[in-house]
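Step one of this worksheet: look at the structure below.
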Amino acid sequence: MLCIMGAFLNQPNQDPMNAQEKKAIDWKSLGFEYTKTDYRFSALYENGQWSEGELSTDEFLHLHEGSPALHYAQQCFEGMKAQTSKDGRVLLFRPQMNCQRMQNTSDRLSMPRVPEELFLHGVKEAVRANINWVPPYGSGASLYIRPLLIGIGENMGLRPAKQYMFRVMVSPVGPYYKTGGLSVIKLAVSDFDRAAPHGTGDVKAGANYPGGLYATRKAQELGANEALYLDAAERRHIEEAGSANIIICTRDNKLITPRSAAILPSITRRSIMDIARQELGMETEERAIDLRAELDSFVEVAACGTAAVLSPVGKIWFDDAWHSFYGEGEEVGPVMQQLYDLLCQIQSGEKEDNFGWTMEVPM
Ligand SMILES: *Cc1c(COP(=O)(O)O)cnc(C)c1O
């Protein structure tokens, strides 16, 4: 029974007084890197059933060499963050959405769904057990949470795995882009495609990402932070960056974002569109956006995602030239600044959460 699972877990032996003693880390200088924390959560799927799951101190996995995750990339992941509020609570942001997306991804990859109860339990346990690693309020850092679902066990041919592991690892992180904080980034349109029109671009399958490593390197050689992908069929419409969706504030003060079946539906982006509409009274549109034909109407551009939060895009490279947006591409525009502030205030519990988006991790 999932509801009494806690009783069976290997509970970390934590002195409650110690529980609030944060690790001696310079939180402000953290980048987006892996830091080994004390515990991770994992559960196994075998014979059609999920185990209750448990915490462990071992960051290594012992896997069968035939595991389908290793040969055929039958695996997927999620990304989310926990933050400390001013009054010391630890908040998750819309974790049910991550669970739902992981379930959609599992369906597409012929993997069993992680039930919502197990998903949320694993996430909360991993955060709670590593409470000393959750960056303090105001540090600018957060605890990144990485749920993972992998097909494991003996196998040779191309077929779904018989066993699966659901794992949740966490690591304190700082800003995703090296520029840090809310600073302006640059994107370069890639000569490569991220996802096919009817492929797996709309699910968070690990297989979508290694092809982008080369595209990112090419973008960085041009002086950009990240690649920007256009639609694979026509190479006209904006899709997204390597790990972030795109939002654009147009000259008529609309917030627009690309609609495409090949884009990963970002929870951050969907939240920002809601904030723009309900808090700023902006008109919002999700539609195909033709980069070259509509460029002149773009005032402010940004990339958004759990890792990137909201990163204003100052310049985009394509057709052999840089194209600049707000403030010659050097400044953060007022709309993106407002959206960033509102999003961060809701996520950190500073602003009243009228949307009901945050979930407290019980300690
Ligand atoms: C994870 C991811 C995003 C961001 O999604 P969020 O739910 O906002 O974290 C955007 N694009 C890609 C390709 C991603 O993998």
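Remember, predicted model here, so these are calculated numbers, not experimental data. Basis for what follows: all heavy atoms, side chains included, without hydrogens, waters or symmetry-related copies.
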Stepwise, does the ring pair (Phe, Tyr, Trp, His ring centres under 6.0 Å) test hold for Y326 with F298?
CA-CA 9 Å; Y326 189 84; F298 298 175; over 10 Å; no
Tell me, with the steps shown, if D341 and Q345 meet side-chain hydrogen bond (donor to acceptor under 3.5 Å, both in side chains).
CA-CA 6 Å; D341 290 343; Q345 285 161 9; 5.3 Å; no
side-chain hydrogen bond (donor to acceptor under 3.5 Å, both in side chains) assessment of S243 paired with Y176
CA-CA 10 Å; S243 57; Y176 191 66; 3.2 Å; yes
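Between the side chains of S42 and E54, not a single donor N or O lies within less than 3.5 Å of an accepting N or O. Inspection of the R94 and S271 side chains reveals an N or O donor paired with an N or O acceptor under 3.5 Å. In this model, a donor atom of one side chain and an acceptor atom of the other lie less than 3.5 Å apart for Y164 and Q74. A donor atom on one side chain and an acceptor atom on the other are found under 3.5 Å apart for D87 and S85. Side chains of S260 and E239: a donor-acceptor N/O pair is present below 3.5 angstrom, by distance only. Between the side chains of D107 and Q103, no donor N or O sits under 3.5 Å from an acceptor N or O. Side-chain contact check for N155 and R159: at least one donor-acceptor pair (N or O, by modelled atom type) lies under 3.5 Å. When only modelled atom types and interatomic distance are considered, S106 and R113 share no side-chain donor-acceptor pair under 3.5 Å. Checked by atom type, the side-chain pair Y137/E350 shows a donor-acceptor distance below 3.5 Å.
Shown here for N98 and G79, the closest heavy-atom pair between the two residues is ND2-O, 3.1 Å. Heavy-atom minimum distance, L109 versus A205: CD1-CB, 3.8 Å. What you find for M336 and C249 is that their closest heavy atoms are CE-N, 3.9 Å. K81 and I145 make their closest contact through C-CD1, 4.0 Å (heavy atoms, listed as atom of the first residue, atom of the second, distance). Across all their heavy atoms, T257 and I246 have their closest contact at OG1-O, 2.7 Å.
Salt-bridge check for E78 with K204: failed, with every basic side-chain N at 4.0 Å or more from each acidic carboxylate O. In this structure, E59 does not pair ionically with R40, as no charged nitrogen and carboxylate oxygen lie closer than 4.0 Å. Ion pairing between E330 and K315 holds under the 4.0 Å rule for side-chain N and carboxylate O. Ion pairing of R108 with D202 is absent here, as no side-chain N (NZ or NE/NH1/NH2) approaches a carboxylate O to less than 4.0 Å. Using a cutoff of 4.0 Å between basic side-chain nitrogens and carboxylate oxygens, R292 and D319 are scored as salt-bridged. The existence of a salt bridge linking R287 and E294 is confirmed by a sub-4.0 Å separation between a basic side-chain nitrogen and an acidic carboxylate oxygen.
Ring centroid separation for the pair Y214 and F192 comes in under the 6.0 Å cut-off.
Because its NZ or CZ atom is both nearer than 6.0 Å to the ring centre of W322 and within 45° of the ring axis, K186 counts as a cation-pi partner of that residue.
In this structure, the separation between CD1 on I238 and OH on Y229 is 15.0 Å, given to the nearest 0.5 Å. Distance check: T268 OG1 to M97 CE gives 9.5 Å after rounding to the nearest 0.5 Å.
By the 30° and 60° cut-offs, the orientation of the rings of H121 relative to F41 is perpendicular.
Here the side chain of T216 pairs no donor or acceptor atom with the backbone of A227 at under 3.5 angstrom.
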